[in-house]
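From a predicted model like this one, the values you see are computed outputs, not experimental measurements. Throughout, a chain's letter reflects where its sequence line sits, starting with A, and its residues are numbered from 1.
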Protein chains: 2
Amino acid sequence: MPIKEADLERIRELPFLKAAGEDTFRRLIQGAFLQRFPASTTLLTEGDSVDFLYILLGGSVELSGTWNDKETILALLGPLSTFILAAVVLDAQALMSAATRDRSDILMISGETLRREMREDAGFGFAVSQELAGCYRGLVRSIKSQKLRGGIERLANYLITQQVRQGDVETITLPHEKRVLASLLGMTPENLSRAFANLADYGVVVNGPLVTISRPVVLSRLAKPDALIDNHAPDAMRGRGKAMFEAWPNQPQQMTV
Amino acid sequence: MPIKEADLERIRELPFLKAAGEDTFRRLIQGAFLQRFPASTTLLTEGDSVDFLYILLGGSVELSGTWNDKETILALLGPLSTFILAAVVLDAQALMSAATRDRSDILMISGETLRREMREDAGFGFAVSQELAGCYRGLVRSIKSQKLRGGIERLANYLITQQVRQGDVETITLPHEKRVLASLLGMTPENLSRAFANLADYGVVVNGPLVTISRPVVLSRLAKPDALIDNHAPDAMRGRGKAMFEAWPNQPQQMTV
DNA sequence: CGGCGAATTGACGGACGTCAACTGCTGTGG
DNA sequence: CCACAGCAGTTGACGTCCGTCAATTCGCCG
């Protein structure tokens, strides 16, 4: 699929490409592919060597890890996310698998070109560092959530985060299947179900993918959301306008726990 | 404390400073402090804004996070580790606290200078990206370990990792108090004790800080170590000689789960 | 209409956290 | 030199959280 002019402009606005010089940008795009993948397509399996940096322009992607026949979802990505950047920078094997969830448009930039341009264009290299630093901090938040909170608390905070991102509505829409959410939160689907049932006491009403938070203050007293764990305004957003926060459809980036 | 010539040479060998140009290096060192801290000194509390990049030259440092009056250790660092680099790159507040465990020599580099030099010296910027990418991948391994394995399995793999790092000896020395290890592995001291007791069936004999692995094959069949989780040869080591792996005393870098 | 998968619910067992008591070591002070 | 306090570590009892297995319901799509 050829890269359209309109796409080029969108890509150019990515924070870590905006910092690149005009020549750098052109060379990066030169050997890049823009490809449309169907839903549930494996893009990369953990252990694979990584030849491209992936940039999700449309659709959604899931990052997962496995061990001993068990699998866990590490992150869910929405449009304008980059992924497996760290493996590309180090030219190392992937530590996570990546698969599309919906039909997705993905830009693939040559890893070798990326590394070469980073060594040439300091502004670009710095922007990549910032992107990586944002990813790193997302994982720190994840680990803290995972190690310090119980399942119900993780769910409660997830709901509050979603509420903020969806514009402080009373009724939020779960953006993924519950079994996917369960894996992201580090529990089984059965336990997620029970966690939702427990939250009924705190004014949480579940109706399919619709979740109504009728007593936000009560829920918040349980959840104890924390600026140093909960990504209400992700690092990755730094440097762009607030536009992405205002409305739902264009929101995501990274949806870690 | 003034920076000694001998220290300068050691510092210059750090992988992410080795890539810096001579001028860059001089400017980074210009406004830097080398400071000796006693044991159990708080260097930084989560939420603090971060003015310096820290480089541990001697001693040991613990990185921790808290929520709701609970605390967990996120990493234990040995000599020649950098820490809170991500916060410095983004000029953001720290997500973890840092404290010395032993008396420690720490080099502090101005964050503002670091960012400025990254924007000027592309080679240096790239090296910082590599450092960050290595840290990121360390956390990915941690999360996978945390979400996919049970406590006993995490301990078993920790022991195997230590065995490799200590030169494949039969009897390893735990480098930290057991309650510290417990927190790092995401469990309580009591449960760590029981986990050790369980591992007796797999040929693990505990004697204070000395742990003998009498049947490595049996233990390994339980632990199922995985190159994509267990950091037997950390990313951060890329680019330096193998010297650090050969012997115990000079080993560490990062000791994540 | 039938079948498949997601979601829920119940029953059960195992893993894990909490509380308490006890041991052993170490450093301190009489 | 010994008594004692203090802390790390261990062990036991208990309760809760969580994963597993099974059965059921529901909605969606062929």
Side-chain angles (χ1 to χ4, degrees), chain A residues 39-40 62 66-73 76 101-102 145-159 173-202 204-211 222-223 257, chain B residues 39-40 62 66-73 76 101-102 145-159 173-202 204-211 222-223 257:
Chain A
S40 302
E62 140 191 334
T66 64
W67 177 76
N68 198 25
D69 295 325
K70 286 197 282 276
E71 177 180 351
T72 189
I73 295 178
L76 295 166
R101 293 207 56 80
D102 307 314
S145 178
Q146 197 65 40
K147 289 181 74 174
L148 291 168
R149 307 216 262 227
I152 296 176
E153 293 157 342
R154 288 198 296 277
L155 173 58
N157 279 292
Y158 175 83
L159 294 178
T173 306
L174 298 178
H176 310 281
E177 294 167 315
K178 294 210 182 80
R179 59 192 195 84
V180 171
L181 177 56
S183 179
L184 183 67
L185 293 174
M187 43 186 165
T188 59
E190 294 95 325
N191 263 331
L192 175 61
S193 216
R194 292 181 185 113
F196 269 122
N198 281 327
L199 289 183
D201 299 343
Y202 298 86
V204 174
V205 180
V206 183
N207 200 319
L210 266 45
V211 179
L222 167 70
V257 184
Chain B
S40 302
E62 142 191 334
T66 63
W67 177 77
N68 197 24
D69 294 327
K70 285 198 282 276
E71 176 178 353
T72 189
I73 294 178
L76 295 166
R101 293 205 58 81
D102 307 315
S145 177
Q146 196 66 39
K147 289 180 74 174
L148 291 168
R149 307 215 262 227
I152 296 176
E153 293 157 342
R154 288 198 297 277
L155 173 59
N157 280 293
Y158 175 85
L159 294 178
T173 307
L174 297 179
H176 309 281
E177 294 166 314
K178 293 208 181 84
R179 59 194 195 79
V180 170
L181 177 56
S183 179
L184 182 66
L185 292 174
M187 41 187 171
T188 59
E190 295 94 326
N191 264 329
L192 176 61
S193 215
R194 291 178 186 116
F196 268 123
N198 282 326
L199 288 183
D201 299 343
Y202 298 86
V204 174
V205 180
V206 182
N207 201 318
L210 266 44
V211 178
L222 166 71
V257 183

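- Taking the side chain to side chain donor-acceptor pair (under 3.5 Å) definition, one finds that B:Thr66 meets it with B:Glu46, sequence neighbours left out.
- With sequence neighbours excluded, no residue satisfies side chain to side chain donor-acceptor pair (under 3.5 Å) with A:Glu190.
- Applying the side chain to side chain donor-acceptor pair (under 3.5 Å) criterion to B:Asp201, with sequence neighbours excluded, gives no partner residue.
- The rotation axes computed at either terminus of the helix from C:dC1-D:dG30 to C:dG30-D:dC1 lie 20° apart, taking five pairs at each end and rounding to 10 degrees.
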Provide a list of protein-nucleic acid N or O atom pairs under 3.5 angstrom, restricted to nucleotides 28-30 of chain D.
none

Name the pairs: protein N/O against N/O of nucleotides 6-8 of chain D, kept only if under 3.5 Å.
residue: D:dA8; atom: OP1; partner: B:Arg179; partner atom: NE; Å: 3.1
residue: D:dA8; atom: OP1; partner: B:Arg179; partner atom: NH2; Å: 3.3

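- Evaluation of the salt bridge (charged side-chain N to carboxylate O under 4.0 Å, His left out) rule for B:Arg101 yields B:Glu62, B:Glu177 as partners, not counting sequence neighbours.
- The side chain to side chain contact (heavy atoms under 4.5 Å, CB included) search around B:Ser40 returns none, not counting sequence neighbours.
- Protein chain A contacts DNA chain C from C:dA6 to C:dA11, reading 5' to 3' and using non-hydrogen atoms of the protein with a distance under 4.0 Å.
- A search for side chain to side chain donor-acceptor pair (under 3.5 Å) contacts involving A:Asp102 returns A:Ser60, not counting sequence neighbours.
- To the nearest 0.5 Å, the span separating CG on B:Leu181 from CZ on B:Arg154 amounts to 11.0 Å.
- Applying a 4.0 Å cut-off to non-hydrogen atoms, the residues of residues 188-202 of chain A that approach DNA chain D are A:Thr188, A:Glu190, A:Asn191, A:Arg194, listed by residue number.
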